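Take a look at the structure set out below.
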2 protein chains.
Amino acid sequence: MTSESPTFSPLYRQIKDLMIQALEAGEWQPGQLIPSEQEFALRFGVSQGTVRKAIDELAAENLLVRRQGKGTFVATHQDPRALFRFLRLVPVEGQLSTPESIPLECWRAKAGVEAARMLGLRQGDPIMIVRRLLRFDGKPVVIDEIYLSGEQFKGLTLELLQSWTSSLYSLFEHRFGVRMIRASESIRAVAADRSAAEALKVPEGKPLLSVERVTYTYGDKPVEWRRGLYLTDEHFYLNELN
Amino acid sequence: MTSESPTFSPLYRQIKDLMIQALEAGEWQPGQLIPSEQEFALRFGVSQGTVRKAIDELAAENLLVRRQGKGTFVATHQDPRALFRFLRLVPVEGQLSTPESIPLECWRAKAGVEAARMLGLRQGDPIMIVRRLLRFDGKPVVIDEIYLSGEQFKGLTLELLQSWTSSLYSLFEHRFGVRMIRASESIRAVAADRSAAEALKVPEGKPLLSVERVTYTYGDKPVEWRRGLYLTDEHFYLNELN
DNA sequence: AAGTGGTCTAGACCACGTC
DNA sequence: ACGTGGTCTAGACCACTTT
């Protein structure tokens, strides 16, 4: 039953890979119920425990969500709890409130050196750029500049962004079939330039968090590069080290 | 075999808790080999698979380390790979180099309001304060101010800190029997005050990352509170979001 | 050869949610 | 009552390390 290839991979991992491929191909949509463990066991001709271990890993990676008694579901950014998985911003005091997203601009452009490298594109390839503001309790806290592959986000417009009421990633998921899986953030402290100072209503030179994020979809493919400037007077970036 | 308490907990979790208690009690020292899965199964009167699941979780939480063919070991901060689990600082370009820790000061004090709250002490309880610099390739990058419960770190002196060649946490582990398990970091952007500016050799007002960390040992007990100021000209704080 | 963790199986029963 | 994921068992064999 074991593979004879030089790079040995256990059965449950092969099954996991098959399931990832199915997810990538859109065989089950975000939020949808997938077949039961028994069903998979029959389909692949293995025991339920082996399927279980594959799903365990996918659930640990937040690709699937288990619900006892109900079944296993494809994870979705529609779920409000998914928002703060990528936005690690917490108020210094008081309750965690949901931010309000205000799209400011959205335009087509050609990838520069940096954007091309980050998104795995060639220089000059079409990209989309979005500028947007996040407000907590009416106060501006984050100004984001977001770079997307023009290929995958062809129909993106400012109107579409403004009409969408829930998170950006849920829009990407539902309208463009791109699901964000994981991200890597590089954090620095910088002084506010004029543009950021205006957007956040702070004096120029004010220390801000610069949060540069590369976001990946299935197969570790980069699909978003963004730079956010965070005002950390009343909020901070919370990181749990385990 | 299942507990009859209102808050039901599966067998493997009860075994996990027993193992945590043993670790906390120092039954096996950091780096040491613990008994085999079979041994535990006999000892607790359960099957090997149940012990396995308990150890799986402890390994996922970095309390234990599995090594196929050899056995399972108590995790240790002596391991150089453990260093960057808590220090998420990466050079903008070039290889990751190991920092040099330079203890500057170490003194006894009484806990103020904030330190007491963070460390779970009463105001006025004895604490130890350490100031130290981190240098990468000879350049100052981080200035840390570290607050420790005076109770647990009674014999800590500047001389001891200066004579210790590996990481702080490995010192705490070996000399004071305190093992750091997890931490929570709050990150802000601030302007360098005079003291930080001098230590890092930058102008006053320079934007710096302020990284406030509370570190916990077994049983989620806070034992360290520190504030680090990071110079992010040639390094950045790297955070993987999964 | 012996011991360890790693994988896989088949079957039992429990806890949870829905019909 | 039924189907789902969650726990637990007993036993087999594989992969890795040491003796």
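Quantities reported herein were computed from a predicted structural model and do not represent experimental measurements. Letters go in sequence order (proteins before strands), and every chain restarts at 1. What's counted below: heavy atoms across the whole structure, side chains too, no hydrogens, waters or symmetry copies.
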Atom-to-atom span, CZ of F73(A) to P of dG5(D) - whole angstrom: 9 Å
Check whether the side chains of Y12(A) and D56(A) place a donor and an acceptor atom closer than 3.5 Å, and report yes or no. no
Any base atoms under 4.0 Å from Q68(B), or only sugar-phosphate, or nothing? Heavy atoms, all strands. base
Over how many whole Å does the gap from F8(B) atom CZ to dC14(C) atom P extend? 11 Å
Which comes earlier along DNA chain C counting from the 5' end, the contact point of V51(A) or that of G69(A), where each point is its nearest nucleotide? V51(A)
Whole-Å gap separating C1' (dG6(D)) and NZ (K70(A)): 16 Å
Report the distance from atom CG of L11(A) to atom C1' of dC14(D), rounded to the nearest whole Å. 12 Å
Would you sort out whether W164(A) and S170(A) count as a side chain to side chain donor-acceptor pair (under 3.5 Å), showing the intermediate values? CA-CA 9 Å; W164(A) 190 261; S170(A) 76; 3.1 Å; yes
Checking contacts here: which listed nucleotide (dG5(C), dG5(D), dT9(C)) is nearest the side-chain heavy atoms of S47(A)? dT9(C)
How many Å lie between CD on Q38(A) and C1' on dA12(C), as a whole number? 13 Å
What is the distance, to the nearest angstrom, from the NZ atom on K53(B) to the C1' atom on dG5(D)? 10 Å
Using only heavy-atom distances, determine whether the side chains of Y147(B) and E114(B) contain a donor-acceptor pair under 3.5 Å. no
T72(A) side chain, from C-beta outward: closest of dC8(D), dC8(C), dG5(D): dG5(D)
Between C1' on dT7(C) and CZ on R13(A), what's the gap in Å once rounded to a whole number? 12 Å
Grab the CG-C1' distance between L42(A) and dA10(C) for me, whole Å please. 13 Å
Which of the following nucleotides, dG5(C), dC8(C), dG6(D), is nearest to the side chain of R52(B)? dG5(C)
Out of dG6(C), dC8(D), dC8(C), minimum distance to the side chain of R66(B) belongs to dG6(C)
Mind jotting down which residue pairs meet the salt bridge (charged side-chain N to carboxylate O under 4.0 Å, His left out) criterion with at least one end in residues 161-175 of chain A? Sequence neighbours excluded, please. E173(A)-R179(A)
Can you tell which of dT4(D), dT7(D), dG6(D) lies closest to the side chain of S36(A)? dT4(D)
